[in-house]
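Just so you know, ligand 1 is whichever comes first in the structure, and atom 1 is the first atom listed for that ligand.
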Amino acid sequence: MAVADRERAVLEVVPTELLIGGEWRAASGGGTFAVEDPATQETLLEVADAQPADALAALDAASGAQESWAACAPRERGEILRRTHEALVARTDALALIMTLEMGKSLAESRGEIAYAAEFFRWFSEEAVRVHGRYMVNTTGAGRILTMRQPVGPCVFVTPWNFPTAMGARKIAPAVAAGCTIVVKPAQQTPLSMLVLARVMEEAGLPGGVLNVITTQRAGAVVAPLLSDPRTRKLSFTGSTEVGRALMRQAAERVLRVSMELGGNAPFIVFDDADLDAAVEGALLAKMRNVGEACTAANRFHVAQPIAGEFARRLTERMRALRVGRGTEPTTEVGPLIDAPQRAKVAELVDDARARGAALLLGGEALDGRGYFYAPTVLQSVPPGARMLSEEVFGPVAPIVSFSTEEEAVAAANRTEYGLVAYLYTRDLERALRVAERIESGMVGLNQGMVSNPAAPFGGVKQSGFGREGGFEGIDEYLQTKYVAVALG
Ligand code: NAP
């Protein structure tokens, strides 16, 4: 099949309406909005533009399905998740193409994301049957303590555009496993991946009303009534710290339970005893995965002074060799950024660093033509006041600074309001553990440039948020503990 035909064919199977109570329906008022290909700036599809009334209809459905879904046998919930895993794996190529079309990343990366997302469904299919409480003798010997863990109830999920399937999967899979129902609002730039995931779950046997999908251009107006409605019992948000803060304020009105997966500003520290080849490979992965548009992206490179020049040289060579292009081209390694404002922000941060005296080793400019492309960029000797050292870059830009002592490296790494992940390269085990303990982050990559793993607890500290996704901890976000005091003897 010709490439354009293949693109048209996969888009034809994407639902474009809202999923409410097991039915696909138009938005009230019939409004739609366009989803754009960031590589060509052309419209891919029009999808339903939900109004606040549609969001409340979705919550009606989620709330109506909650009791029966919580009563559904854990094995049955697990089997639906397992079938979802199998379907995602079987349809990887089509789903990856849809993701690349709406988000821009290379097809190889989109395939990787589908595999990663699918693994959450497998992991939580296994966890669904392992929810348990305890029975214990009271410390006085009189009476018993019984605890049970129950689903928290209807959840509202708000997800970002950078990992359009995985960020939903990390919430939906554990919530479904725990027996919660859901209203999810994906990002307006990338609704297609969520819509098609919902279709896959429907085909895997998920009953109507358990997962409801609301696509909209009016995030604020559509999410607010969901948070103020007493039927909503949980908000899980992945996105920027700024929006997370605003949603926490709204959630506070009803003391709503929340999980927040927010922004990052990951330091990537290379000590002088590191395996330099491995560090450069890790740096490339931590920086360039997802075109740098990842909360886990290495935001700044702190390299021991004696090796900083050589590290910069080798990283520049590797970045120079990356092939930039439309993600659908099989040879592409770096796709476009998501939109014009994101590209403008990256350019602004690079210009700021250069104006303050940073040395440009590579790139430093937007690429001409259609699409929101920005050249892979390396900056050396970035001065302390440069904005890119404290703000999330979210683009293919690697700022390098050097340090003299371990103390200095740790202090620099922690000099941020964020605390999602840090990367650390050293061959000295004692130093590795010492520094890993002192770094203020929810996750540490030790001699590796990627930490994401469905079997591990993903999440941040400080203003990167709280709550964990994945691992044994992931399902806890969707369970609450009830204690029964038992009079006995
Ligand atoms: P964003 O602007 O915060 O948007 C995230 C989601 O929130 C989108 O669905 C957006 O809808 C919605 N939203 C925006 N304003 C809202 C409001 N007033 N009320 C309710 N919902 C609202 O973030 P983004 O630019 O899409 O994503 C990038 C950010 O996400 C980065 O900071 C990144 O670090 C973070 N992130 C964190 C993690 C993690 O696990 N910690 C993972 C991935 C990304 P619209 O699309 O309609 O604006």
Using a strict threshold of under 4.0 Å (side-chain N to carboxylate O), is an ion pair present between [Y] and [X]?
X      : Y      : answer
Arg254 : Asp229 : no
Lys171 : Glu261 : no
Glu202 : Arg199 : yes

Can you confirm whether the side chains of [X] and [Y] place a donor and an acceptor under 3.5 Å from each other?
X      : Y      : result
Tyr478 : Arg257 : no
Glu293 : Asn162 : no
Ser193 : Glu102 : yes
Thr216 : Asp49  : yes

Please list, in number order, the atoms of ligand 1 under 4.0 Å from a heavy atom of [X].
X      : value
Val158 : 6 (C), 7 (O), 9 (O), 12 (C), 21 (N)
Met167 : 42 (C), 43 (C)
Gly220 : 17 (C), 18 (N), 19 (N)
Phe394 : 28 (C), 31 (C), 33 (C), 34 (O)
Leu420 : 41 (N)
Leu247 : 19 (N), 20 (C)
Gln189 : 46 (O)
Val243 : 3 (O), 13 (N), 14 (C), 15 (N), 16 (C), 22 (C)

- Could you tell me the separation between the CG atom of Leu389 and the CZ atom of Arg387, rounded to the nearest 0.5 Å?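 Those atoms lie 11.5 Å apart.
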- Please indicate, with yes or no, if any protein heavy atom is found under 4.0 Å from atom 4 (O) of ligand 1?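 Protein heavy atoms within 4.0 Å of atom 4 (O) of ligand 1 - there are none.
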Nearest neighbour in protein (non-hydrogen) for [atom]:
atom                    : answer
atom 45 (P) of ligand 1 : Gln188 NE2, 3.6 Å
atom 10 (C) of ligand 1 : Lys185 NZ, 4.0 Å
atom 2 (O) of ligand 1  : Ser240 OG, 4.0 Å
atom 44 (C) of ligand 1 : Asn162 ND2, 3.3 Å
atom 21 (N) of ligand 1 : Ala219 CB, 3.7 Å
atom 38 (C) of ligand 1 : Cys295 SG, 2.9 Å
atom 35 (C) of ligand 1 : Gly239 O, 3.2 Å

- Non-hydrogen side-chain atoms of Arg91 and Val196 separated by less than 4.5 Å: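 No, too far: nothing below the 4.5 Å cut-off.
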- pair Leu315-Leu362: side-chain heavy atoms closer than 4.5 Å: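 No, their side chains stay 4.5 Å or more apart.
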- Hey, would you say the Phe394 and Tyr374 ring centroids sit under 6.0 Å apart?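 Judged by ring-centre distance (under 6.0 Å), Phe394 and Tyr374 do not meet the cut-off.
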- Item | Derivation and outcome, salt bridge (charged side-chain N to carboxylate O under 4.0 Å, His left out), residues Glu469 and Arg170 | CA-CA 6 Å; Glu469 294 189 330; Arg170 294 204 312 203; 2.8 Å; yes
- Message: Heavy atoms only, cut-off 4.0 Å: how does Met443 contact ligand 1, side chain, backbone, both, or neither?
- Response: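 Neither; no heavy atom under 4.0 Å.
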- Task: Answer with side chain, backbone, both or neither: which part of Thr241 has a heavy atom less than 4.0 angstrom from an atom of ligand 1?
- Result: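 Near ligand 1, Thr241 shows nothing, with every heavy atom at 4.0 Å or more.
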- Item | Polar atom proximity, Glu392 to ligand 1 (N or O, under 3.5 Å) |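 Indeed, backbone or side chain, Glu392 has an N or O that close.
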- Task: Please indicate whether any nitrogen or oxygen in Ser464 is less than 3.5 Å from any nitrogen or oxygen in ligand 1.
- Result: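 In this structure, Ser464 places no N or O atom under 3.5 Å from an N or O of ligand 1.
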- Trp161 touching ligand 1 at heavy-atom level, < 4.0 angstrom: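 Right, Trp161 reaches ligand 1.
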- Strictly under 4.0 Å, does any heavy atom of Arg218 approach an atom of ligand 1?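 Judged by the 4.0 Å heavy-atom criterion, Arg218 does not count as contacting ligand 1.
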- May I have the step-by-step check of side-chain contact (heavy atoms from CB on, under 4.5 Å) for Leu322 and Leu284, ending in yes or no? CA-CA 10 Å; Leu322 293 173; Leu284 201 67; 4.3 Å; yes
